[in-house]
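Working notes for the structure below.
One is the number of the first residue; the rest follow in order along the sequence. Computed from a predicted model, the values in this text were never measured in an experiment. Counting starts at 1 for both ligands and their atoms, following the listed order. Hydrogens, waters and symmetry mates are skipped; everything else that's a heavy atom, side chains included, is used.
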Amino acid sequence: MHPDLFDALPVPQLQPFRLDDGAVLLRGFAGSDDRVLLEEVEKIIAVAPLRHMITPGGFRMSVAMSNCGQAGWVSDPGGYRYDAIDPETGKPWPTLPAVFMELANRAARSAGYENFIPDVCLVNCYVPGTRLSLHQDKDERDPSAPIVSVSLGLPAVFLFGGSQRSIRPMRYTLLHGDIVVWGGPARYHFHGIAPLAEGHHAIAGRKRINLTFRKAL
Ligand SMILES: O=C(O)CCC(=O)C(=O)O
Ligand SMILES: [Fe+2]
C-alpha cells in the first residue's frame, strides 16, 4: 500500500481520561507538536535562563524554572508572585509563542473549558532526582480559568490529590506529549511530581520539560 493512504486516515482521538470532576488527562495530545514546542523552549531559555528559585522558607527549589508571557511566576524569600519583569535579567519575559497559545487553547477546549487564553507559561525543567512537592496553584487572579500542563521528555509520576493536603494523592504516569487540564471544582487541587527516575528520552535527552499555561493576570 502507498504510504499516502495512511495520511488520509483520521488520527485516533483518545477520549479524555477523567482524573476528577473538572480534571482530565489528554494522552499524547501534544505529541505531534513536540519538536516545535521544544525548539520554542530553547529560544525562551536562551533569553530567560532556567534558574532554581528560592522559596519564601529559604529553600532552593529542585525544579529549574523560567517563564514566557505577559508575566512570569517568581519565588524569592519575600514570597510568590507574578512579575512582568524577569528578576534575573531585568527584562520582560519572552512572549508566548503562537504555537503555545494555540495548543493550550485547544487542550482546554477538549477538556471542556472554552475560550482559554493564557497570559503566562511557566517552564519547568526536571532532571532525574528532581521533584515538586504537593502544592496548589493559587497565585492566579481568575479562578474560572483552568491550568493546562504539558509534559515533554522523560516520564514523571504526577501526584493529584484533592482540595485538602490531607487527601492522599492519586499517582499517574505522565509521558511525552501528555496534557493534564484541571479547573472548575478541581482548580485548587493539590498536586506535585514524584522524584524523576533516571532515563534518556529520544528527543529531549536526560530531562523532562513541563509547560503550565495559566491565566494569571
Ligand atoms: O511538572 C508538572 O507536571 C507540574 C508543574 C506544576 O505543578 C506547576 O508548575 O505548578
Ligand atoms: Fe502546580
Side-chain angles (χ1 to χ4, degrees), residues 17 19-20 22-30 34 37-38 41 44-45 48 50-53 55-56 59 61-69 71-75 79-83 93 96 100 103-104 107 111 118-143 145-165 167 169-183 186-197 199 201 204 207-216:
F17 177 78
L19 304 187
D20 204 340
V24 296
L25 166 54
L26 306 167
R27 281 277 182 222
F29 197 93
D34 57 352
L37 295 172
L38 287 167
V41 168
I44 291 161
I45 64 181
L50 290 166
R51 78 291 307 262
H52 295 273
M53 297 188 193
T55 67
F59 294 100
M61 293 188 71
S62 117
V63 186
M65 295 176 167
S66 183
N67 291 274
C68 63
W73 185 84
V74 293
S75 174
Y80 307 125
R81 65 181 185 281
Y82 281 99
D83 201 318
W93 300 95
L96 263 164
F100 280 23
L103 176 68
D119 48 24
V120 169
C121 172
L122 175 58
V123 178
N124 292 311
C125 180
Y126 299 76
V127 293
T130 303
R131 65 193 292 269
L132 184 61
S133 54
L134 274 189
H135 66 278
Q136 296 166 293
D137 294 352
K138 55 178 186 191
D139 301 323
E140 300 74 25
R141 198 161 289 167
D142 180 359
I147 301 285
V148 173
S149 173
V150 180
S151 292
L152 295 165
L154 287 178
V157 175
F158 181 57
L159 311 171
F160 195 66
S163 53
Q164 254 113 64
R165 190 181 287 277
I167 298 173
M170 301 283 287
R171 300 166 72 89
Y172 302 97
T173 299
L174 299 183
L175 304 172
H176 180 75
D178 288 352
I179 300 190
V180 183
V181 181
W182 63 96
R187 177 61 182 75
Y188 294 111
H189 277 17
F190 280 87
H191 59 278
I193 294 287
L196 211 71
H201 185 269
K207 63 178 184 295
R208 170 177 186 261
I209 297 287
N210 167 263
L211 307 172
T212 53
F213 295 94
R214 300 128 188 268
K215 185 157 166 41

*asked:* Only heavy atoms of L122, strictly under 4.0 Å: list the atoms of ligand 1 that pass.
replied: 9 (O)

_Min N/O separation W182 to ligand 1 under 3.5 Å_ = no

*Got P143 and Y188 here, is their nearest side-chain heavy-atom distance under 4.5 Å?*
yes

*asked:* Is there a side-chain contact between L103 and F29 in this structure, where contact means two heavy atoms from C-beta onward sitting under 4.5 Å apart?
replied: yes

_Would S151 count as a polar contact of ligand 1, with the cut-off being nitrogen or oxygen pairs under 3.5 Å?_
no

_Over 60° means perpendicular and under 30° means parallel, so tell me whether H176 and H201 are parallel, tilted or perpendicular._
tilted

_For ligand 1, the portion of V180 having any non-hydrogen atom under 4.0 Å away_ = neither

*Under a 4.5 Å cut-off applied to non-hydrogen side-chain atoms, are L174 and L25 in contact?*
yes

*Report, in ascending order of atom number, the atoms of ligand 1 lying under 4.0 Å from any heavy atom of H135.*
6 (C), 7 (O), 8 (C), 10 (O)

*For atom 9 (O) of ligand 1, which candidate among D178, D137, I209, N124 holds the nearest heavy atom?*
N124

*Answer with side chain, backbone, both or neither: which part of L132 has a heavy atom less than 4.0 angstrom from an atom of ligand 1?*
side chain

_R208 touching ligand 1 at heavy-atom level, < 4.0 angstrom_ = yes

*Y172 and W182: aromatic ring centres closer than 6.0 Å?*
no

*Please check if atom CZ in R141 has more than 12 non-hydrogen atoms from other residues, nucleotides or ligands closer than 6.0 Å.*
no

*Does R208 reach the side chain of N124, with side-chain heavy atoms less than 4.5 Å apart?*
no

*Whether W73 lies under 4.0 Å from ligand 1, heavy atom*: no

*Can you list the atoms of ligand 1 that are under 4.0 Å from a heavy atom of Y126?*
1 (O), 2 (C), 4 (C), 5 (C)

_Among D139, N67, D137, D83, the one residue meeting side-chain hydrogen bond (donor to acceptor under 3.5 Å, both in side chains) with W73_ = D139

_D137, N/O/S atom nearest the Fe ion (ligand 2)_ = OD1

*asked:* So, taking the atom named CZ in F160 and the one named CG in L19, what distance separates them when rounded to the nearest 0.5 Å?
replied: 6.0 Å

_Heavy-atom distances under 4.0 Å decide this one: backbone, side chain, both or neither, for R214 against ligand 1?_
side chain

*At the Fe ion (ligand 2), what's the angle from H135 NE2 to H191 NE2, rounded to 10 degrees?*
90°

